[in-house]
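Notes follow the structure.
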Amino acid sequence: MTQAPAERLHLADLVEEDHDHDHEEYDRHSVPGRLPAGEASGQGWYSWHAPYDDLESEQNDRLELVQEELVAFFDAAAAGPLHALSICAGQARDLLPILIHHPRGADTRATMVELDRLNASFLHGALGSTALVDVEVVVADAGHTDAYRDRPPADLVLLCGVFANVEVADAERTVGLLPALCAPGATVVWTSYGDGLAEIDAVVAAFEDGPFELVGLTRGPSYVVGGHRFTGEPAALPANTRIFSFRARGDEAEGSASDDQ
């Protein structure tokens, strides 16, 4: 949407100790500690990430568009400390490689909210293989305001996959609450796919009706990647408030919000 795709690399390129921080060489498809395809243990949201190991998959096409938006944000960000917030971070295959390789990654405090304990454990292990020192993995329900209490407003908010897994009323409520999570001028990057595509027009309308301006919107064959800039003033975060709940999946309970891309 905003920048030409970077060259695709592999896991070995990402975990090299000699990172040159050339953002044309990001590994867009792996994070440290990733299990080889077919070796994911357990079910649910951990194994949900397995298709990202196929470099030709539709999931990776969507991931690449998300990361183009992230690179564009960091390239344009003003000097000084930044705060990134990933809601339902999953395995952070979108944000983590960018933080590792982009020069502004060292300036960024990142908060990754993830309820699934296996994904959270994966993230802790992945972070141990990096030089990042200001990334917090919050094991909590991202669909509840308590997960964000006492944390600063974010310059970058990722809502990747959330709108694909919630009802339209929850999606609209989530957009309505974003001013309580965003710093002035913040960028929000979001995606949807699957059943969520039927509600995309309502999601876009919710942004348009609020204090947001469109940065970009790409409609793929079975997914949407959007970017909006916050143009309003930060709001107070309501206490003890349900924002959204994921649709029932059989192996997930209500509020078990875990996803990325």
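All values derive from a computational prediction rather than experimental measurement.
Within the structure, salt bridge (charged side-chain N to carboxylate O under 4.0 Å, His left out) pairs that include any residue of residues 173-186 comprise Asp170-Arg173 (at least two apart or interchain).
No donor-acceptor pair under 3.5 Å is formed between the side chain of Arg104 and the backbone N or O of Asp75. No side-chain donor-acceptor contact under 3.5 Å links Arg62 to the backbone of Ser192.
Here the closest heavy-atom approach between residue Pro238 and residue Thr241 is recorded as CB-OG1, 3.5 Å. Residues Phe230 and Ala183 approach most closely at CD2-O, 3.3 Å, considering heavy atoms. Across all non-hydrogen atoms, the minimal contact from Ala92 to Met112 is CB-SD, 3.8 Å. Across all their heavy atoms, Gln67 and Pro97 have their closest contact at NE2-CG, 3.9 Å. Of all non-hydrogen atoms in Leu96 and Ala126, the two that sit nearest each other are CD2-CB, 3.9 Å. Minimum interatomic distance between Ile243 and Ala142 (heavy atoms only, all atoms of both residues): CD1-O, 4.2 Å.
The shortest distance between side-chain heavy atoms of Val166 and Thr174 does not fall below 4.5 Å. Contact check for Val138 versus Arg151: side-chain heavy atoms found under the 4.5 Å cut-off. No side-chain heavy atom of Val157 sits less than 4.5 Å from a side-chain heavy atom of Trp190. Using a 4.5 Å heavy-atom cutoff, the side chains of Cys182 and Pro234 are not in contact. For the pair Leu159/Val175, no side-chain contact is recorded, criterion being any heavy-atom separation below 4.5 Å from C-beta on. By the 4.5 Å heavy-atom criterion applied to side chains, Phe74 and Leu82 are counted as neighbours. By the 4.5 Å heavy-atom criterion applied to side chains, His144 and Asn240 are counted as neighbours.
Checking Val189, Ile98, Thr218 one by one against Val66, the side-chain contact (heavy atoms from CB on, under 4.5 Å) holds for a single residue, Val189. The side-chain contact (heavy atoms from CB on, under 4.5 Å) test with Val113 singles out one residue from Leu85, Leu158, Val139, Val137, and that residue is Leu85.
Atom CG of residue Leu63 and atom CZ of residue Arg93 lie 8.5 Å apart, to the nearest 0.5 angstrom. Interatomic distance, CD1 of Ile87 versus OG1 of Thr111, reported as 10.5 Å (0.5 Å rounding). Taking OG of Ser245 as the start and CG of Asn165 as the end, the distance is 11.5 Å to the nearest 0.5 Å. In this structure, CG in Asp146 is found 8.5 Å from CG in Leu237, a value given to the nearest 0.5 Å. In this structure, CG in Leu197 is found 11.0 Å from OH in Tyr223, a value given to the nearest 0.5 Å. Separating the OG1 atom in Thr191 from the CD atom in Glu69 is a distance of 12.0 Å, to the nearest 0.5 Å.
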request  = For Asp155 and Phe73, run side chain to side chain contact (heavy atoms under 4.5 Å, CB included): C-alpha distance rounded to whole Å, both residues' side-chain angles, the deciding distance at 0.1 Å, then the answer.
outcome  = CA-CA 9 Å; Asp155 304 289; Phe73 164 80; 4.0 Å; yes

message = Assess the residue pair Leu177 and Thr145 against the criterion (side chain to side chain contact (heavy atoms under 4.5 Å, CB included)); give the C-alpha distance rounded to whole Å, side-chain angles, the decisive distance to 0.1 Å, and a yes or no.
response = CA-CA 9 Å; Leu177 197 74; Thr145 57; 3.7 Å; yes

request  = Could you give me the CA-CA distance, side-chain angles and deciding distance for Glu136 and Arg109, then say whether side chain to side chain contact (heavy atoms under 4.5 Å, CB included) is met?
outcome  = CA-CA 8 Å; Glu136 179 184 14; Arg109 169 183 177 179; 4.3 Å; yes

Atom pairs and distances, side-chain donor-acceptor, residues 199-217, under 3.5 Å, sequence neighbours left out:
from, atom 1, to, atom 2, distance (Å)
Glu199, OE1, Arg247, NH2, 3.4
Glu199, OE2, Arg247, NH2, 3.3
Asp201, OD1, Arg219, NH2, 3.4
Glu213, OE2, Arg229, NH1, 3.0

